[in-house]
Amino acid sequence: MRIAVYPGSFDPCTNGHLDIIDRSSKLFDKVIVAVLTNSSKSPTFTVDERINLLKTAVCGYNNVEICSFSGLLVDFLRKTGATVVIKGIRAVSDFEYEFQMALTNKALYPAVETLFLHATSEYMFLSSSVVKEVARYGGSLKGLVPENLIPIINNRCSNIVDNKL
Ligand code: ADP
């Protein structure tokens with residue numbers, strides 16, 4: 001069985017993330033979306049909230065699982081039996097860091113391959129930070145996140161303090 005892991009903060013998930021999940025789900029038998037819990041960023045949404053948002057967004061897929069992980073990604077890969085890591089690339093600026101991480105993971109776990117999927121052009125600008133910024137100032141999230149997540153994200157972002165975006 002070909003299992004891929006799509007790791008990230010997903011704080012919160014956006015249509016850009018969901019596009020990568022959708023495309024990955026067609027390439028692999030199983031895709032595990034892994035929410036990182038030990039990120040150096042201080043997140044706006046708790047891990048449980050991020051997982052619940054993702055679960056709501058991907059409930060139509062029978063080969064996509066959502067879970068959290070902490071520690072090294074390679075340890076999580078070994079535990080789940082996955083040998084492929086999915087990364088979305090929006091611009092060259094994403095690539096430099098992701099390339100370094102891919103080589104690090106390869107050095108730690110030679111069986112792993114990192115698969116870079118380009119962003120779909122309509123989502124190239126889209127990040128979790130953009131979503132939070134728009135929501136915070138009362139802009140419309142239509143087209144940026146699934147419609148059924150909009151009230152939850154708006155509710156949380158309306159009282160964000162300056163340094164939490
Ligand atoms: P971000 O805050 O940049 O959205 P994440 O850690 O949540 O960060 O991103 C997880 C993965 O999803 C990364 O591989 C990132 O490059 C990718 N990603 C994020 N947004 C998009 C997008 N709009 N299109 C394609 N890939 C994306």
Side-chain angles (χ1 to χ4, degrees), residues 3-28 31-58 61 64-74 76-77 80 82-106 109 112-136 139-147 149-150 152-153 156-157 160 162-165:
I3 306 173
V5 169
Y6 178 38
S9 307
F10 306 105
D11 184 40
C13 59
T14 71
N15 281 346
H17 294 127
L18 298 171
D19 177 60
I20 296 289
I21 294 170
D22 178 64
R23 287 156 60 202
S24 309
S25 74
K26 294 170 183 148
L27 298 173
F28 295 93
V31 175
I32 302 172
V33 181
V35 178
L36 181 60
T37 66
N38 61 343
S39 163
S40 52
K41 301 173 198 167
S42 92
T44 303
F45 292 83
T46 66
V47 174
D48 285 344
E49 286 172 328
R50 286 180 272 156
I51 287 177
N52 285 336
L53 288 169
L54 277 161
K55 281 189 172 161
T56 305
V58 304
Y61 296 83
V64 177
E65 269 178 27
I66 314 294
C67 62
S68 63
F69 81 104
S70 58
L72 289 176
L73 179 61
V74 289
F76 181 74
L77 295 172
T80 54
T83 50
V84 177
V85 176
I86 308 277
K87 290 290 184 162
I89 299 290
R90 285 161 290 192
V92 178
S93 52
D94 275 343
F95 183 74
E96 200 170 333
Y97 175 74
E98 297 298 0
F99 191 52
Q100 185 184 23
M101 291 312 300
L103 293 178
T104 304
N105 289 331
K106 188 80 177 166
Y109 185 23
V112 76
E113 292 294 348
T114 299
L115 181 66
F116 296 108
L117 293 182
H118 64 79
T120 293
S121 52
E122 65 187 295
Y123 300 132
M124 273 182 72
F125 68 97
L126 192 50
S127 67
S128 300
S129 300
V130 162
V131 164
K132 287 184 275 188
E133 186 81 21
V134 170
R136 184 185 181 196
S140 169
L141 294 181
K142 203 163 187 292
L144 306 186
V145 301
E147 300 229 356
L149 304 190
I150 291 177
I152 307 165
I153 294 172
R156 170 57 74 123
C157 293
I160 282 177
D162 276 353
N163 57 2
K164 292 281 272 178
L165 278 175

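Only this structure's heavy atoms are used, side chains among them; waters, hydrogens and symmetry mates stay out. Whatever order the structure lists them in is the order used to number ligands and atoms, beginning at 1.
Looking only at side-chain heavy atoms (C-beta outward), F45 and I153 come within less than 4.5 Å of each other. The shortest side-chain heavy-atom distance between I152 and L53 falls under the 4.5 Å cut-off. T83 has its side chain within reach of Y109: a pair of non-hydrogen atoms, C-beta onward, lies under 4.5 Å apart. Looking at S24 and Y6, their side chains never come closer than 4.5 Å, going by heavy atoms from C-beta outward. Between V134 and R136 there is no side-chain heavy-atom pair separated by less than 4.5 Å.
For atom 16 (O) of ligand 1, the nearest protein heavy atom (residue, atom name, distance) is G88 O, 2.4 Å. Summary of contacts: the protein heavy atom closest to atom 6 (O) of ligand 1 is S9 N, 3.0 Å.
Using 4.0 Å as the threshold, M124 has no heavy atom nearer than that to any atom of ligand 1. The shell of residues lying under 4.0 angstrom from ligand 1, judged by heavy atoms, includes Y6. Contact between C13 and ligand 1 is absent, with no heavy atom of the residue lying under 4.0 Å from the ligand. The closest approach between any non-hydrogen atom of S128 and ligand 1 is below 4.0 Å.
Using a 4.0 Å cut-off between heavy atoms, P7 contacts ligand 1 through its backbone alone, with no side-chain atom that close.
For the atom pair R156 CZ and D11 CG, the distance stands at 9.5 Å (nearest 0.5 Å).
Taking every heavy atom of I20 and a limit of under 4.0 angstrom, the matching atoms of ligand 1 come to 25 (C), 26 (N). Atom numbering of ligand 1 starts at 1 in the shown order; those under 4.0 Å from a heavy atom of F10 are 7 (O). Atoms of ligand 1 found under 4.0 Å from any heavy atom of L126, numbered from 1 in the order shown, are 20 (N), 21 (C), 22 (C), 23 (N). Those atoms of ligand 1 that come under 4.0 Å of a heavy atom in A119, given as number and element, are 24 (N), 25 (C). In the vicinity of G8, heavy-atom distances shorter than 4.0 Å reach the ligand 1 atoms 6 (O), 10 (C).
For atom 20 (N) of ligand 1, the candidate residues are R90, R50, K87; the nearest heavy-atom contact is made by R90.
In this structure, S68 and F76 approach most closely via the heavy-atom pair O-CE1, 4.1 Å.
A donor-acceptor pair shorter than 3.5 Å can be found between the side chains of T44 and K132.
Taking the six-membered ring where tryptophan is involved, the planes of F95 and F99 are essentially parallel, since the angle between them stays under 30° and well short of 60°.
For H17, a nitrogen or oxygen atom sits less than 3.5 Å from a nitrogen or oxygen atom of ligand 1, counting backbone and side chain alike. For ligand 1, the polar-atom distance check finds an N/O of Y123 within less than 3.5 Å of one of the ligand's N/O atoms.
With a 6.0 Å cutoff to the six-membered ring centre and a 45° limit on the axis angle, R90 does not count as a cation-pi contact of F125.
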